Amino acid sequence: MGQTLEAVAIDYQTENYRDAYSRINAIVIEGEAEAHSNYLQLAELMPEFNEELHRLAKMEDRHKKGFTACGKNLNVTPDMDFAEKFFSELHDNFQKAFAIGDIVTCLLIQSLIIECFAIAAYNIYIPVADPFARKITEGVVKDEYLHLNFGEEWLQDHFENSRATLEQANRQNLPLVWKMLNQVETDAKVLGMEKEALVEDFMIQYGESLGKIGFNTRDIMRMSAMGLVA
Ligand code: Y39
Ligand code: FE
Ligand code: FE
Ligand code: FE
């Protein structure tokens, strides 16, 4: 895509850049912290994967530390209040699903939706990041594919029993992603990240995952459209 080919000079020290970074950086830090906690909660629901899920949780904690360093490196104070609100609806839906032991919905929210969101955002960020953040983000994004893969494999193995719940959880949570993207569109653009590129990468990744799990093309089209009408 054009974004990776055009060499756009970005001044990482401007007030404008650092102001936008205070929100995007906070979102990423909060997202990693919640992902850490979500995998620990998933471990409670899936004791047979306890060790693996603790390993994934530990990676998320490392990611959080890495991105915290990225903010410090630019002398930015992350706006954590903004970030907490940003994730609150997805967070609440995960907690509600956890409370009733709904593994399928928890996996859809964390391992599919949030991981695909992270993969899209990090891949789009890498070419426009400052050199310090670029190195960290390159390391992080590799792990996010492992997290996505965990959810894909389990849901693939339990597809027939999960299908209806996945459709329902998709209907409830995909619209939140578009709402979240709209909230950060302006800030992301200041960082050199176009909303169209984020949406495109998210949809490609998410659609591919639904396909791996067992949905057909028609299902994937229908499920993807859920977000767009919200
Ligand atoms: O699994 C993970 O590590 C995911 C928590 C991290 C999500 C990060 C969310 C990134 C959204 C950034 C939006 C920038 C435009
Ligand atoms: Fe593109
Ligand atoms: Fe992560
Ligand atoms: Fe992750």
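Worth saying up front: this structure is predicted, and the values here are computed from it rather than measured. Positions are given from 1 along the sequence. Order of listing sets the numbers, starting from 1, for every ligand and every atom in it.
- Ala121 CB, 3.9 Å is the protein heavy atom nearest to atom 12 (C) of ligand 1.
- The protein heavy atom nearest to atom 7 (C) of ligand 1 is Ala118 CB, 3.8 Å.
- With respect to Leu42, the side-chain contact (heavy atoms from CB on, under 4.5 Å) criterion is satisfied by exactly one of Phe94, Phe150, Phe49: Phe94.
- The name of the N, O or S atom in Glu32 nearest to the Fe ion (ligand 3) is OE1.
- A donor-acceptor distance shorter than 3.5 angstrom exists from the side chain of His158 to the backbone of Trp154, with no hydrogens or angles considered.
- Ion pairing between Lys65 and Asp61 holds under the 4.0 Å rule for side-chain N and carboxylate O.
- For the 3.5 Å distance criterion, the side chains of His63 and Glu60 qualify, holding a donor opposite an acceptor.
- For Met180, no heavy-atom contact with ligand 1 is shorter than 4.0 Å.
- Each of the following atoms of ligand 1 lies closer than 4.0 Å to a heavy atom of Gly31: 5 (C).
- For Arg171, the CZ atom sits in a loose shell: 12 or fewer heavy atoms of surrounding residues, nucleotides or ligands are nearer than 6.0 Å.
- Among Phe87, Phe86, Phe202, the residue whose heavy atom lies nearest to atom 9 (C) of ligand 1 is Phe87.
- For an aromatic pair to be called close, the ring centres must be under 6.0 Å apart, and Phe159 with Phe215 satisfies this.
- Every atom of ligand 1 is numbered from 1 in the order shown, and the set under 4.0 Å from a heavy atom of Glu144 is 1 (O), 2 (C), 3 (O).
- Closest N/O/S atom of Glu60 to the Fe ion (ligand 3): OE1.
- Closest protein heavy atom to atom 8 (C) of ligand 1: Tyr122 OH, 3.4 Å.
- The atoms of ligand 1 that sit less than 4.0 Å from any heavy atom of Ala35 are 1 (O), 2 (C), 5 (C).
- Numbered from 1 in the order shown, with element, the atoms of ligand 1 that lie under 4.0 Å from a heavy atom of Gln110 read 1 (O).
- Every atom of ligand 1 is numbered from 1 in the order shown, and the set under 4.0 Å from a heavy atom of Glu60 is 1 (O), 2 (C), 3 (O).
- Below 30°, between 30° and 60°, or above 60°: for Tyr21 and Tyr125 the angle between ring planes is between 30° and 60°, a tilted geometry.
- Atoms of ligand 1 lying under 4.0 Å from any heavy atom of Glu115, numbered from 1 in the order shown and given with element: 1 (O), 2 (C).
- Nearest to atom 4 (C) of ligand 1 among the protein's heavy atoms is Ile114 CG2, 3.5 Å.
- The name of the N, O or S atom in His63 nearest to the Fe ion (ligand 3) is ND1.
- Ring geometry for Phe67 versus Tyr122: interplanar angle of 30 to 60°, hence tilted.
- Between Glu144 atom OE1 and Glu115 atom OE1, the angle centred on the Fe ion (ligand 4) amounts to 80° (nearest 10°).
- A side-chain donor from one of Gln95 and Gln41 sits under 3.5 Å from a side-chain acceptor of the other.
- Asp187 pairs with exactly one of Arg23, Lys195, Arg18 by the salt bridge (charged side-chain N to carboxylate O under 4.0 Å, His left out) rule, that one being Arg23.
- Taking the Fe ion (ligand 4) as reference, the nearest N/O/S atom within His147 carries the name ND1.
- Leu40 and Ile114 fall into different hydrophobic clusters, where Ile, Leu, Val, Met, Phe, Trp and Tyr are joined by side-chain heavy atoms under 4.5 Å apart, directly or via other members.
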